Amino acid sequence: MPAKVSLGDVADYQTGFPFKSKDYCSAGTKLLRGDNIGQGSLRWGGAKFWPKDRINEAAKFALQEGDVVLAMDRPWIEAGLKYAAVSLDDLPCLLVQRVARLRGTKKIDGGYLRYLIGSAEFTEHILNITTGTAVPHVSGRDILSFSFDLPVLAEQREIAATLGALDNKIDLNRKAATTLEEMARALYRSWFVDFDPVRARAEDRAPAHMDAATAALFPDSFGEDGLPEGWRQRGLDEIAEFLNGAALQKYPAVEGELSLPVIKIAELRSGVTATSGRASAGVPDKYKINDGDVLFSWSGSLLQKVWVDGRGALNQHLFKVKSSLVPQWFHFFAVDLHMDEFRMIAASKATTMGHIQRHHLAEAKIALPPKVILDVADKAIRPLFDAAIQRQLENRSLANLRDTLLPRLMSGEIRVGAARKVAEEAA
């Protein structure tokens, strides 16, 4: 029978050091702050650094691979609890004040500890004890008071290995999706932004990595407008439709009837969560979102992504982007090409929430080639772009399986052998 324990009984616990901002430097050892913790992963954008020649002053706060970190201030974001396991790629880094570090011991396996902290039961425990209004927070005592049934060490390791196999597959898919998208983006930029095939032909060279028949479709000179001969300059609003979302409070969910999650900027960043709003499934079809739709937030946090989180309803401040003129990958990369410019425009707005307007889409120009070139490019780029989307969709299924197995394994409802078979088949 599993033994009933508290987290403080079995895990090694530490909080970080109050590093002074005046001592930060532009390069050195990364400082792991609450802002670096997402839901289940670390993110190093805007990282702060500690001088390498002063590392001995903070040696006791050095993190190790497998350590589990938890934000103590604002421990909850849209996607869930702000926790993560430290990977080898995150090291070296140092623990900062108001971040808790939990480490495996002889009593609790580090891998099992990771999944325990990521469980719904621990999340509920944290939500129930979070205090403060301006800055919600938890204390070390609160964290360590979490009580749970702890299996024997051998079973802990088997559970962690089973769930870890799914997470490893998710990580491989994530990296593969990133690589595939970057390959597609590189081809787009080479052909339609840098005009490499046209420049090569103009210099009487064979375009790199291109057969002669494809190369012959490209012109060998540029017009006075700087575009390849026969190409046209078009605004983004001319090549795609940008449908703004609806005021979904007009379509409230009704208890007992079908509903859809409301997709706002928060969902675009983090996916659908338990805190996402709901709207009636009777919302007009044009405002319904499906896997594979391209969404673009034009207000607040400007970002664009292909949606892979299931059916939903499009809220205001988001565009659904589609086109009957160009392939999906073309308008996706065309918008991305102008994203930095759009963010600068939004940041310059003297309002509480920066945004762009439709005339900015018209002013954002791209080079549109003849259809014959688009068609041949589609054969090369679409498979890469679509494969990246499929990897992301597979990850959703794998994550759902992992999250389904997790509580059943920890409660003993399902045996490790049976769960391992399911995980191996999926991975």
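For the numbers below, each heavy atom of this structure counts, side chains included, while hydrogens, waters and symmetry mates do not. In this text the structure is predicted, and so the values were computed from the model without any measurement.
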Taking it one step at a time, do Glu124 and Glu121 satisfy side-chain contact (heavy atoms from CB on, under 4.5 Å)?
-> CA-CA 5 Å; Glu124 184 177 358; Glu121 290 76 14; 5.7 Å; no
Checking the side chain of [X] only, and the main-chain atoms of [Y] only, is there a donor and an acceptor separated by less than 3.5 Å?
| X | Y | answer |
| --- | --- | --- |
| Ser190 | Leu187 | no |
| Thr214 | Met210 | no |
| Ser411 | Arg408 | yes |
| Asn168 | Gly164 | yes |
| Asp220 | Arg201 | no |
| Gln156 | Gly110 | no |
| Arg157 | Gly111 | no |

Hey, are the side chains of [X] and [Y] touching, using non-hydrogen atoms and a 4.5 Å cut-off?
| X | Y | answer |
| --- | --- | --- |
| Asp293 | Val306 | no |
| His360 | Asp237 | no |
| Asn395 | Arg174 | yes |
| Glu238 | Arg232 | no |
| Leu166 | Leu401 | yes |
| Leu409 | Val416 | yes |
| Leu42 | Asp89 | no |
| Ser297 | His317 | no |

Show the numbers, then the answer: is there a salt bridge (charged side-chain N to carboxylate O under 4.0 Å, His left out) between Arg402 and Asp167?
-> CA-CA 8 Å; Arg402 178 201 60 206; Asp167 273 328; 2.6 Å; yes
Going by distance alone, is a donor N or O of one side chain under 3.5 Å from an acceptor N or O of the other, for [X] and [Y]?
| X | Y | value |
| --- | --- | --- |
| His338 | Glu341 | yes |
| Asn400 | Ser397 | no |
| Gln304 | Asp336 | yes |
| Asp225 | Trp231 | no |

Are any of the side-chain nitrogens in [X] or [Y] under 4.0 Å away from the carboxylate oxygens of its partner?
| X | Y | value |
| --- | --- | --- |
| Lys288 | Asp285 | yes |
| Asp291 | Arg311 | no |
| Arg199 | Asp194 | no |
| Asp23 | Arg54 | yes |
| Arg185 | Glu182 | yes |
| Lys371 | Asp375 | yes |

Gap separating the [atom1] atom of [X] from the [atom2] atom of [Y], nearest 0.5 angstrom:
| X | Y | atom1 | atom2 | answer |
| --- | --- | --- | --- | --- |
| Leu406 | Ile159 | CG | CD1 | 9.0 Å |
| Tyr13 | Ile143 | OH | CD1 | 5.0 Å |
| Leu268 | Asn315 | CG | CG | 11.5 Å |
| Leu398 | Leu393 | CG | CG | 11.0 Å |
| Gln39 | Leu81 | CD | CG | 7.5 Å |
| Arg278 | Glu255 | CZ | CD | 13.0 Å |

Show the numbers, then the answer: is there a side-chain contact (heavy atoms from CB on, under 4.5 Å) between Asp90 and Asn36?
-> CA-CA 11 Å; Asp90 298 316; Asn36 301 122; over 6 Å; no
Aromatic ring proximity, centroids under 6.0 angstrom, [Y] and [X]:
| X | Y | answer |
| --- | --- | --- |
| Phe342 | Trp298 | no |
| Phe195 | Phe218 | no |
| Phe385 | Phe332 | yes |
| Phe333 | Phe192 | no |

Closest contact, heavy atoms only, [X] versus [Y]:
| X | Y | value |
| --- | --- | --- |
| Gly310 | Arg396 | N-NH1, 2.7 Å |
| Leu318 | Asn244 | O-OD1, 3.3 Å |
| Ile117 | Phe122 | O-CD2, 3.3 Å |

Where do Val198 and Phe222 land on the side-chain contact (heavy atoms from CB on, under 4.5 Å) test, with the steps shown first?
-> CA-CA 8 Å; Val198 181; Phe222 293 86; 3.6 Å; yes
Once the angle between the rings of Phe296 and Phe319 is folded into 0 to 90°, is it parallel (under 30°), tilted (30 to 60°) or perpendicular (over 60°)?
-> tilted
Using the ring of each side chain (for Trp, its six-membered ring), is His125 parallel, tilted or perpendicular to Phe146, with breaks at 30° and 60°?
-> tilted
Evaluate salt bridge (charged side-chain N to carboxylate O under 4.0 Å, His left out) for Glu267 paired with Lys264, printing each intermediate quantity in order.
-> CA-CA 5 Å; Glu267 283 71 26; Lys264 301 180 181 179; over 6 Å; no
Check the pair Asp35, Lys48 against salt bridge (charged side-chain N to carboxylate O under 4.0 Å, His left out), reporting the backbone distance first and the verdict last.
-> CA-CA 10 Å; Asp35 289 346; Lys48 307 297 182 184; over 6 Å; no
Which is it for Phe242 and Leu361 under the side-chain contact (heavy atoms from CB on, under 4.5 Å) test, yes or no, and what are the steps along the way?
-> CA-CA 9 Å; Phe242 293 79; Leu361 298 173; 3.7 Å; yes
ring-ring contact (aromatic ring centres under 6.0 Å, His included) contacts in which one or both residues fall within residues 30-58, not counting sequence neighbours | Phe19-Trp50
